[in-house]
Amino acid sequence: MDLARGYARGGTRSVRFDPRSVLVCVALCVVALVITVFAIGTGRFAIGPLDVVRTVAGSGPPGAEFIVMDLRLPRALDGLLVGFGMGMAGAVFQSLTRNPLGSPDITGFGNGASAGALVAIILYDSGAAQTAIGAVCGGLATAAVVYLLAWRRGVHGYRLVLVGIGASAVLGSVTSFLFVRADIGKAAQAATWMIGSLNGRGWSDVRIAALGLVVLVPVVLVFARRLTLLEMGDDTAAALGIQPERSRLVLLVTATGLTAMAVAAAGPIPFVALAAPQLARRVTRGAGPNVLPAAWTGAVLVAGCDWATQRVSDSALLPVGVVTGVVGGGYLAWLLWRERRSGRL
C-alpha cells in the first residue's frame with residue numbers, strides 16, 4: 001500500500017484513492033456519530049453521552065432503554081441514513097449535469113418522489129411501506145419523463161436542468177391539487193411531512209432508508225469512476241472505453257432511487273442534496289464527484305440540523321427541514337456574494 005500516492009495494491013489488482021478524501025470521510029463519520037450521541041441524549045429526559053453509549057450497548061441506567069432504543073435512536077439513525085443518501089444523490093446529479101444547481105431539489109426529481117408519496121398518503125391513506133413505493137414510482141416516472149424530454153442525440157447537462165426545472169413547476173401544481181383534495185387532517189399531516197421532518201420516525205422508516213442504501217450505494221460506487229470520465233465529455237468518455245449514455249442512464253436511475261428513498265423515510269428535506277456536494281468538494285479540495293465525502297457531509301448536515309431543532313424547541317417538534325432551509329438560504333446568499341466579489345457573477 002502506498003498512502004502517499006494513493007494506491008492500494010493486492011496481487012495483480014490496484015485501487016486508486018485520494019488519501020485526503022479518505023481522511024475527510026473518516027472525520028465526517030466521527031463527527032456524525034458524536035452529533036448523533038448528543039442528539040439522542042437531548043430532550044426533556046436528558047441522558048449523558050456515556051449513558052447513551054452504555055444504553056445502546058445494553059448496559060444503560062434504569063429507564064433509559066425505552067427512551068433511547070424505541071424513541072430516539074430510530075430518529076437519529078433515520079436522519080443519518082437519509083442525509084447520507086441525499087448527499088450522494090446530489091453529488092451524482094451535479095456531476096451528471098456538470099452544474100452546481102443540478103440537484104434533485106432543483107431538477108424536479110425530489111418533487112416527483114414527493115408527489116408519488118403524497119398520492120399514497122392522501123388518496124390511499126398508506127403506511128410507511130406503501131408511501132416508500134409511491135415515492136419510488138413518482139421519482140422514477142419523473143426521471144423517465146425528464147430524460148425523454150431532454151433527449152436530443154443524447155442527454156446533456158443544461159437540457160436536463162432546464163427540463164427538470166419545468167417538471168418541478170408542474171409537480172408543484174400537482175402537490176397543491178392533492179392538498180386541495182385532502183381533508184383537513186390528512187392535509188395537516190402531509191404539510192408537516194412536506195417540510196421534511198424526523199418527528200415520530202420509527203424502525204420501519206430506518207429499514208426503508210437502510211434497504212435503499214444497501215441496494216443503491218454499491219451501484220454508485222461501481223460507477224463512480226465513470227462519473228469522473230463523463231465530466232470530461234461524452235467523446236472523451238467513449239474514447240476511454242465506457243458507454244456514456246448507458247452509464248448516464250444507470251446513474252440517473254440510481255440517484256433517483258436514493259432521492260426517493262430519502263423522501264419516503266423523512267420527507268423532502270431541502271438544501272442537503274444541493275449543498276453537501278459543494279461543501280465536500282471544498283473540504284477535500286479534489287475534483288470529481290466526491291460521492292462518499294458528499295454522502296457523509298449530508299449525514300452530518302441532517303444530524304446537526306436535527307440536533308439544533310431539539311436544542312431550539314426542547315421538544316423535537318420543529319421539523320428538521322425548517323433548519324436546513326434557513327441554513328441553506330444563508331449558504332446560498334454567501335455563495336452568491338462570494339461569486340459576485342470574485343467577478344464570476
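Computed from a predicted model, the values in this text were never measured in an experiment.
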Which residues share a ring pair (Phe, Tyr, Trp, His ring centres under 6.0 Å) with F38, sequence neighbours left out: W307
Validation row: I35, V300 side chains within 4.5 angstrom (heavy atoms): yes
Verify the neighbour count for atom CG of L50: are there more than 12 heavy atoms of other residues, nucleotides or ligands below 6.0 Å? no
Quick one: do R311 and T42 satisfy side chain to side chain contact (heavy atoms under 4.5 Å, CB included)? Show the steps, please. CA-CA 7 Å; R311 300 292 295 181; T42 301; 3.9 Å; yes
Side chains of T175 and N111: closer than 4.5 Å at any heavy-atom pair? no
Out of curiosity, W151 CH2 to L160 CG, how far, rounded to the nearest 0.5 Å? 12.5 Å
How about R54: does its CZ atom have over 12 heavy atoms from other parts shown lying under 6.0 Å from it? yes
M261 and L81, any side-chain heavy atoms less than 4.5 Å apart: no
With clusters defined by side-chain heavy atoms of hydrophobic residues (ILVMFWY) lying less than 4.5 Å apart, directly or transitively, does V119 cluster with V170? no
Does any N or O in the side chain of S59 come within less than 3.5 Å of the main-chain N or O of T55, such that one atom is a donor and the other an acceptor? no
Can you find a heavy atom in the side chain of D205 that is under 4.5 Å from one in the side chain of R75? no
In terms of hydrophobic clusters joined by side-chain contacts under 4.5 Å, are L77 and L211 together? yes
Let's go through T309 and V322 carefully: what are the C-alpha distance in whole Å and the side-chain angles of both, what is the deciding distance for side chain to side chain contact (heavy atoms under 4.5 Å, CB included) to 0.1 Å, and is it a yes or a no? CA-CA 9 Å; T309 65; V322 173; over 6 Å; no
Do V34 and V283 belong to the same hydrophobic cluster, where Ile, Leu, Val, Met, Phe, Trp and Tyr are linked whenever their side-chain heavy atoms lie under 4.5 Å apart, directly or via other members? yes
Chi angles and distances behind the side chain to side chain contact (heavy atoms under 4.5 Å, CB included) call for I67, R72: CA-CA 6 Å; I67 295 173; R72 297 180 183 175; 3.4 Å; yes
Kindly compute the distance separating CG (D306) from CZ (R201), expressed to the nearest 0.5 Å. 11.0 Å
Under 3.5 Å, is there a donor-acceptor pair between the side chain of T324 and the main chain of P270? yes
Would you say that L73 contacts I40 through its side chain, given a criterion of any heavy-atom pair below 4.5 Å between the two side chains? yes
Using atom types as modelled and distance alone, determine if a side-chain donor or acceptor of S95 lies under 3.5 Å from a backbone N or O of V92. no
Answer whether the closest heavy-atom distance between the side chains of F223 and V250 falls below 4.5 Å. yes
Taking the side chain as C-beta and beyond, is there a heavy-atom pair between Q94 and P277 under 4.5 Å? yes
Show your working on side chain to side chain contact (heavy atoms under 4.5 Å, CB included) between L96 and L251 and close with a plain yes or no. CA-CA 8 Å; L96 287 176; L251 286 163; 4.1 Å; yes
Once you round to the nearest 0.5 Å, how far does OG1 of T107 lie from CG of L162? 11.0 Å
Side-chain heavy-atom pair V163, Y147 within 4.5 angstrom cut-off: no
So, the side chain of N290 versus the backbone of P293: is there a donor-acceptor pair under 3.5 Å, distance only? no
Taking atom CD1 of I208 and atom CD1 of I133, what is their separation to the nearest 0.5 Å? 9.0 Å
Calculate, to the nearest 0.5 Å, the distance between atoms CG and CZ belonging to L258 and F93 respectively. 9.0 Å
